[in-house]
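Structure, as structure tokens:
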Amino acid sequence: MRSASTTRGKRNPSRRARRRRRSASKGQSRPERYERGTRSYTMSHIRGKDTSIEVLVRSYLFRRGLRFRKNDRRYPGHPDVVLPKWRTIVFVNGCFWHAHANCKAFSRPKSNVEFWSVKLMRNGERDRLQHAQLVADGWRVIVVWECELAKPVREARLARLYDQITATTDGQPGIIDDTIPAGSKGEPGAIV
């Protein structure tokens with residue numbers, strides 16, 4: 001026989017839990033989601049390399065015949081893909097961790113706002129400095145965002161990435177980011 005608190009395997013919240021949720025939505029402080037120390041443990045297991053989107057991009061490039069180095073520590077930012085033959089470096093960025101502007105996949109955390117604002121701003125500034133240093137060293141830098149690898153647009157973005165890498169620009173260094181708004185630093189996808 002089923003208990004009164006469950007219905008077909010789903011939890012039926014008590015009145016107290018519903019009231020707590022309602023009061024939290026009215027701006028009152030919410031109870032902590034994790035026990036003390038659990039959040040830190042969870043965050044420590046977030047990968048820094050070989051993420052699913054990086055593996056997706058690398059496997060596509062390898063299938064297309066491009067050979068590369070991955071996560072090369074000799075270059076600023078430890079790029080995800082380094083193509084020495086083409087003097088090109090590819091960064092595969094997660095929309096959250098790199099604060100992708102005007103992206104539906106990015107939203108600022110609602111708790112510990114000051115910490116996350118500073119951290120994400122620092123990440124963006126660090127990315128800009130690393131990209132500028134790579135361009136100064138004569139590399140073309142291509143940025144691929146996580147949202148560009150969603151299933152509906154994945155194949156088109158990967159094909160465009162291949163074309164951007166193999167395009168002959170006479171070794172002209174620059175940053176290629178398809179998400180740059182038109183009119184700010186050039187047309188989207190143009191070398192900046």
Subject >> Hydrophobic cluster membership, Trp97 vs Val118, 4.5 Å side-chain cutoff >> reply: no
Original post:
Is the gap between the ring centers of Phe68 and Trp86 under 6.0 Å?
Top reply: no
**OP:** Is it possible for you to say whether Val92 and Phe62 belong to one hydrophobic cluster, with membership spreading through side-chain heavy-atom contacts below 4.5 Å?
**Re:** yes
Subject >> Pairwise distance CE(Met121) to CG(Asn123) - rounded to 0.5 angstrom >> reply: 10.5 Å
Subject >> OH (Tyr41) with more than 12 external heavy atoms under 6.0 Å >> reply: no
Subject >> Partners meeting salt bridge (charged side-chain N to carboxylate O under 4.0 Å, His left out) with Arg160 (sequence neighbours left out) >> reply: Asp178
Original post:
If you round to the nearest 0.5 Å, how far is CH2 of Trp139 from CD1 of Ile175?
Top reply: 14.5 Å
Original post:
Between Ile165 and Leu161, is a side-chain contact (heavy atoms from CB on, under 4.5 Å) present by the stated rule, with each step listed?
Top reply: CA-CA 6 Å; Ile165 291 170; Leu161 172 64; 4.0 Å; yes
Original post:
Closest heavy-atom contact between Val143 and Glu148?
Top reply: O-OE1, 4.1 Å
Original post:
Would you say Gln133's side chain and Leu129's backbone share a donor-acceptor pair under 3.5 angstrom?
Top reply: no
Subject >> Whether Arg140 side chain and Gln164 backbone form a donor-acceptor pair below 3.5 Å >> reply: yes
**OP:** Please say which of Val90, Leu134, Thr88, Ile89 ends up in a side chain to side chain contact (heavy atoms under 4.5 Å, CB included) with Val82.
**Re:** Ile89
Original post:
Which pair of non-hydrogen atoms, one from Ala99 and one from Leu120, has the smallest distance, and what is that distance?
Top reply: CB-CB, 4.2 Å
Original post:
Which atom names give the shortest non-hydrogen contact between Cys103 and Cys95, and what distance separates them?
Top reply: SG-SG, 3.6 Å
Subject >> Pairs meeting criterion salt bridge (Lys or Arg N to Asp or Glu O under 4.0 Å) with involvement of residues 108-126, two or more places apart >> reply: Glu125-Arg128
**OP:** Go through the steps to decide whether Leu61 and Val81 satisfy the test side-chain contact (heavy atoms from CB on, under 4.5 Å), and finish with yes or no.
**Re:** CA-CA 10 Å; Leu61 295 177; Val81 177; 4.1 Å; yes
Original post:
What heavy-atom pair brings Glu146 and Gly94 nearest, and what distance separates the two atoms?
Top reply: OE1-CA, 3.6 Å
**OP:** Answer yes or no: does atom CZ of Arg73 have more than 12 heavy-atom neighbours from other residues, nucleotides or ligands under 6.0 Å?
**Re:** no
Original post:
Are His131 and Phe91 close enough that their ring centers fall under 6.0 Å?
Top reply: yes
Original post:
Could you state the interatomic distance from SG (Cys147) to CG (Asn102), rounded to the nearest 0.5 Å?
Top reply: 10.5 Å
Original post:
Is a side-chain donor or acceptor of Gln130 paired with a backbone partner of Pro76 at a separation under 3.5 angstrom?
Top reply: no
**OP:** Taking only Lys NZ, Arg NE, NH1 and NH2, and the carboxylate oxygens of Asp or Glu, determine whether Asp80 and Arg58 approach each other closer than 4.0 Å.
**Re:** no
Original post:
Parallel, tilted or perpendicular: which fits the ring planes of Trp145 and His98, with parallel below 30° and perpendicular above 60°?
Top reply: perpendicular
